[in-house]
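All remarks here apply to the structure that follows.
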Amino acid sequence: MRAETCSYSCRQRSTVGSAIFSSIMHSIMFLSASLCINVFVHFFDTFSAIINSSSLPQTIHVAIVCAGYNASRDVVTLVKSVLFHRRNPLHFHFITDSIAQQILASLFHTWMVPAVRVDFYDADELKSEVSWIPNKHYSGIYGLMKLVLTKTLPSDLQKVIVLDTDITFATDIAELWAVFHKFKGQQVLGLVENQSDWYLGNLWKNHRPWPALGRGFNTGVILLLLDRLRKLRWEQMWRLTAERELMSMLSTSLADQDIFNAVIKQNPFLVHQLPCFWNVQLSDHTRSEKCYKDVSDLKVIHWNSPKKLRVKNKHVEFFRNLYLTFLEYDGNLLRRELFGCPSKTDHNSENTLLELDEDDPCYEFRRERFTVHRTHLYFLHYEYEPSADQTDVTLVAQLSMDRLQMLEAICKHWEGPISLALYLSDAEAQQFLRYAQGSEVLMSRSNVGYHIVYKEGQFYPVNLLRNVAMRQVNTPYMFLSDIDFLPMYGLYEYLRKSVVQLDMANTKKALVVPAFETLRYRLSYPKSKAELLSQLDMGTLFTFRYHVWTKGHAPTNFAKWRTATTPYRVQWEADFEPYVMVRRDCPEYDRRFVGFGWNKVAHIMELDAQEYEFVVLPNAYMIHMPHAPSFDITKFRSNKQYRVCLKTLKEEFQQNMSRRYGFAALKYMTADNNS
């Protein structure tokens with residue numbers, strides 16, 4: 001018997017198991033004592049195999065065409081709604097362009113949802129199959145790719161549910177999968193009737209739609225019997241229909257939907273009509289209100305209007321709230337195991353965590369190093385090609401919600417590419433999206449990559465965030481900054497010139513940008529080094545953290561910098577933590593350091609161990625802008641255990657350095673580090 005859901009399969013296992021086990025025990029009662037144990041073992045193995053085979057939950061296959069940054073963001077809400085209700089293993093088949101594949105592959109890899117498999121199919125390889133069809137729909141060429149799924153998906157895949165990205169589920173997708181059992185005869189397509197008058201051709205004067213059966217069918221939700229479609233030579237069927245209709249229609253208006261309907265018009269026996277609640281269409285001119293009596297009956301909402309959430313419907317508030325619930329829902333909660341549905345686990349990660357001592361006062365610090373944070377790369381549109389002269393530089397930084405106000409200022413000061421990692425909850429990610437879309441400054445920039453790392457745990461994973469931002473850099477060089485610093489005007493071009501001047505391509509250098517700070521929220525930002533020195537002398541500016549942590553930037557030698565006209569080399573000293581420009585292949589930050597303390601110090605130490613030269617730039621500077629103390633620095637100052645654990649982690653890092661770099665690293669063990 002095929003199980004439709006995990007919970008059903010587990011109930012089935014209990015029933016079948018009881019019957020089989022009773023039979024086994026009844027037989028064993030009549031065996032001699034000498035044979036009892038061997039026979040019992042044999043029967044028990046057989047019993048376990050039968051139970052396991054009879055209880056395997058059925059995997060539901062879902063195909064989605066997804067291309068670009070916006071669609072990649074939209075599909076996450078769809079996936080959340082499916083995961084929230086599901087009780088079966090899922091296998092997603094994504095037909096994507098390179099952008100969506102990069103985003104979604106990273107997202108699912110870090111999401112680690114049990115009993116979910118994801119495969120990708122290159123949409124670019126399919127373009128030639130449909131590019132000959134003129135299409136006016138806003139989905140472009142990707143809106144035609146559902147036509148070639150029989151050719152694209154694995155040949156042994158028999159059936160699949162096909163979904164648009166603007167779908168929201170309000171029920172278990174297994175209920176929709178079960179409808180396949182209702183197909184009869186030659187039915188191979190499961191579709192809901194179109195809920196507008198589009199195909200009736202009476203929406204406006206001279207409106208001429210493609211041919212359709214009655215009101216036609218909407219292709220936002222499709223059940224495809226792939227094996228039967230292949231036997232019916234679907235590829236030839238839809239191509240001949242499209243070629244014939246295009247002779248008079250010239251182009252499609254609703255992409256694949258027009259061609260599906262034209263095929264059904266000629267072959268009505270192919271379609272199994274689904275109840276309307278499986279695709280409640282909130283399109284322009286929708287008549288979806290006539291297909292249901294109560295909103296509680298609805299199972300799938302389809303936002304198939306370009307207006308999306310602004311569409312008109314008497315129940316639109318209910319629909320909007322349902323959508324927003326999943327939009328802002330904490331995706332980490334969907335990592336739960338399915339009852340009775342075993343899934344593959346990351347045994348390396350599990351073993352590492354098991355090795356940690358939960359009684360260790362620093363257990364939570366150590367555990368954070370192995371936490372996998374769900375990550376959504378390129379949350380907004382990104383488009384940038386590095387300059388051909390191999391001198392390009394990307395500014396790298398990380399931030400949380402309380403530093404959003406710095407983004408516009410940084411964009412005004414730095415015209416080059418930027419890679420940012422943002423530590424946000426799902427709800428905060430949507431707030432950020434609204435903030436960014438409402439900012440003329442941010443929307444005018446396509447060379448800023450925003451990478452969302454979703455919140456999990458009690459610490460701010462500062463070095464993980466830096467590493468995420470660094471990995472997305474596509475220029476030869478990176479300027480490793482912090483979000484609360486404003487670089488001097490023109491620093492981007494100055495750094496690019498320094499790349500050539502200091503032969504960065506052939507040497508291991510870390511170019512130091514001297515750091516200053518102001519205590520004033522309103523600052524007349526100095527336009528030149530001379531202006532900065534004047535403000536320094538007047539007490540408007542200070543060398544960074546001179547009053548609380550002199551050692552952090554003392555090796556920069558600010559006294560020498562005041563009069564320097566050429567770059568000069570400085571030596572590493574204990575607790576040195578400058579802001580530097582390095583090659584993209586530099587070491588990553590050490591993840592053991594979270595929250596406040598030693599996160600940059602450890603990285604600079606690693607650069608020194610790898611024999612980077614620290615070279616101070618004479619005409620570069622950056623200024624730290626004032627802000628309220630972070631939550632982590634407050635914990636550092638108020639919590640003794642926090643400081644004890646940081647000291648322990650620091651000592652362990654120094655020991656690791658000694659093991660990795662040998663005699664040369666002894667100076668890190670003996671240095672007087674009191675941070």
Side-chain angles (χ1 to χ4, degrees), residues 69 98-99 102-103 106 375 377-378 380-398 410-411 413-421 445-451 463-483 485-515 566-570 572 577-590 600 602-622:
Y69 301 96
S98 58
I99 293 167
Q102 179 189 12
I103 295 170
S106 170
T375 303
L377 303 176
Y378 299 103
L380 294 174
H381 180 80
Y382 180 81
E383 190 173 349
Y384 184 74
E385 282 295 325
S387 62
D389 62 6
Q390 296 298 304
T391 65
D392 219 339
V393 187
T394 299
L395 185 149
V396 172
Q398 39 72 37
I410 287 177
C411 285
H413 279 248
W414 178 274
E415 65 270 28
I418 302 174
S419 183
L420 298 173
R445 297 283 295 269
S446 61
N447 63 347
V448 181
Y450 300 97
H451 315 296
N463 280 355
L464 167 67
L465 297 172
R466 288 178 171 135
N467 291 341
V468 168
M470 285 169 60
R471 290 169 195 156
Q472 303 313 311
V473 168
N474 65 348
T475 57
Y477 302 95
M478 309 180 291
F479 173 42
L480 306 179
S481 185
D482 272 339
I483 199 66
F485 276 90
L486 289 182
M488 73 175 198
Y489 292 108
L491 181 61
Y492 171 61
E493 289 299 334
Y494 180 69
L495 290 179
R496 292 182 62 179
K497 291 176 182 176
S498 299
V499 165
V500 178
Q501 180 185 355
L502 296 171
D503 192 24
M504 289 284 287
N506 302 305
T507 56
K508 292 176 74 172
K509 289 188 176 74
L511 305 189
V512 177
V513 176
T566 58
Y568 59 93
R569 185 176 177 183
V570 296
W572 175 88
E577 53 176 3
Y579 293 94
V580 297
M581 182 185 80
V582 289
R583 291 199 312 239
R584 185 175 58 189
D585 61 359
C586 86
E588 291 191 343
Y589 288 82
D590 194 294
K600 291 194 302 293
H603 188 244
I604 294 299
M605 186 182 290
E606 184 94 31
L607 295 183
D608 183 66
Q610 293 196 14
E611 300 181 337
Y612 277 72
E613 294 180 31
F614 295 100
V615 178
V616 181
L617 297 173
N619 294 306
Y621 55 88
M622 58 196 299

Keeping His413 on the side-chain end and Pro487 on the backbone end, is there a donor-acceptor pair under 3.5 Å?
yes
Using salt bridge (Lys or Arg N to Asp or Glu O under 4.0 Å), reason through Glu588 and Arg466 one step at a time and then give a plain yes or no.
CA-CA 8 Å; Glu588 291 191 343; Arg466 288 178 171 135; over 6 Å; no
Heavy-atom side-chain proximity of Leu511 to Met504 below 4.5 angstrom
yes
Applied to residues 386-395, the salt bridge (Lys or Arg N to Asp or Glu O under 4.0 Å) test, sequence neighbours excluded, yields Asp389-Arg496
Is it the case that the side chain of Arg583 and the backbone of Asn506 share a donor-acceptor pair, with hydrogens and angles ignored and the cut-off at 3.5 Å?
no
Ignoring hydrogens and angles, state whether a donor on the side chain of His381 or Tyr69 is under 3.5 Å from an acceptor on the partner side chain.
no
Is any side-chain heavy atom of Ile604 closer than 4.5 Å to one of Phe614?
yes
Heavy-atom closest contact (Tyr384 atom, Asn474 atom, distance):
O-ND2, 3.4 Å
Closest non-hydrogen contact found for Cys586 with Leu607 is CB-CD2, 4.3 Å
Check for a donor-acceptor pair, side chain of Tyr477 on one end and backbone N or O of Ala505 on the other, with a separation under 3.5 Å.
yes
When rounded to the nearest 0.5 angstrom, what distance separates NE2 in His451 from CG in Leu380?
10.5 Å
To the nearest 0.5 Å, how far apart are CG in Leu617 and NZ in Lys497?
13.0 Å
For Pro417 against Tyr382, the heavy-atom pair lying closest together
CB-OH, 4.2 Å
I'd like to know if the side chain of Lys508 and the backbone of Glu613 have a donor-acceptor N/O pair within less than 3.5 Å.
no
Taking the six-membered ring for Trp and the single ring otherwise, decide whether the centroids of Phe485 and Tyr579 are under 6.0 Å apart.
yes
Verify side-chain contact (heavy atoms from CB on, under 4.5 Å) between Thr507 and Leu502, making sure each step is shown before the conclusion.
CA-CA 8 Å; Thr507 56; Leu502 296 171; 6.0 Å; no
Backbone N or O of Gln102 within a donor-acceptor pair of the Tyr378 side chain at under 3.5 Å?
no
Set out, in order, the CA-CA distance, both residues' side-chain angles and the distance that settles side-chain contact (heavy atoms from CB on, under 4.5 Å) for Leu395 and Ser419, then state yes or no.
CA-CA 6 Å; Leu395 185 149; Ser419 183; over 6 Å; no
Indicate the atoms forming the closest heavy-atom contact of Leu465 with Ala421, along with that distance.
O-CB, 3.2 Å
Please round to the nearest 0.5 Å and tell me the distance separating atom CE of Met470 and atom CG of Leu480.
5.5 Å
Side chains of Pro567 and Pro618 in contact at under 4.5 Å (non-hydrogen atoms)
yes
With a 3.5 Å distance limit and no angle check, can you tell me whether Asn463 reaches the backbone of Asp590 through a side-chain donor-acceptor pair?
yes
Checking Asn447 now: which residues fulfil side-chain hydrogen bond (donor to acceptor under 3.5 Å, both in side chains) with it, not counting sequence neighbours?
Arg445
d(Gln472 CD, Leu420 CG) to nearest 0.5 Å is 12.0 Å
How many angstroms lie between OG in Ser481 and CE in Met581, if you round to the nearest 0.5 Å?
13.5 Å
When you check the side-chain N and O atoms of Thr475 and Thr394, is any donor under 3.5 Å from an acceptor?
yes
Taking all non-hydrogen atoms of both residues, which atom of Leu495 and which atom of Val513 are closest, and how far apart?
CD2-CG2, 4.3 Å
Which pair of heavy atoms, one from Ala620 and one from Pro514, lies closest together, and at what distance?
O-CD, 3.2 Å
For the CE atom of Met488 and the OH atom of Tyr494, what is their distance to the nearest 0.5 Å?
6.5 Å
Passes side-chain contact (heavy atoms from CB on, under 4.5 Å), Glu415 versus Glu493? Steps please.
CA-CA 9 Å; Glu415 65 270 28; Glu493 289 299 334; 3.9 Å; yes
Is there a side-chain contact between Phe479 and Val396, using heavy atoms and a 4.5 Å cut-off?
no
Between Lys600 and Asp482, does at least one N-O distance fall below 4.0 Å, as a salt bridge requires?
yes
Geometric class of the Tyr589/His603 ring pair [parallel <30°, tilted 30-60°, perpendicular >60°]:
parallel
Kindly indicate, with the supporting measurements, whether the criterion side-chain contact (heavy atoms from CB on, under 4.5 Å) is fulfilled by Val512 and Val615.
CA-CA 6 Å; Val512 177; Val615 178; over 6 Å; no
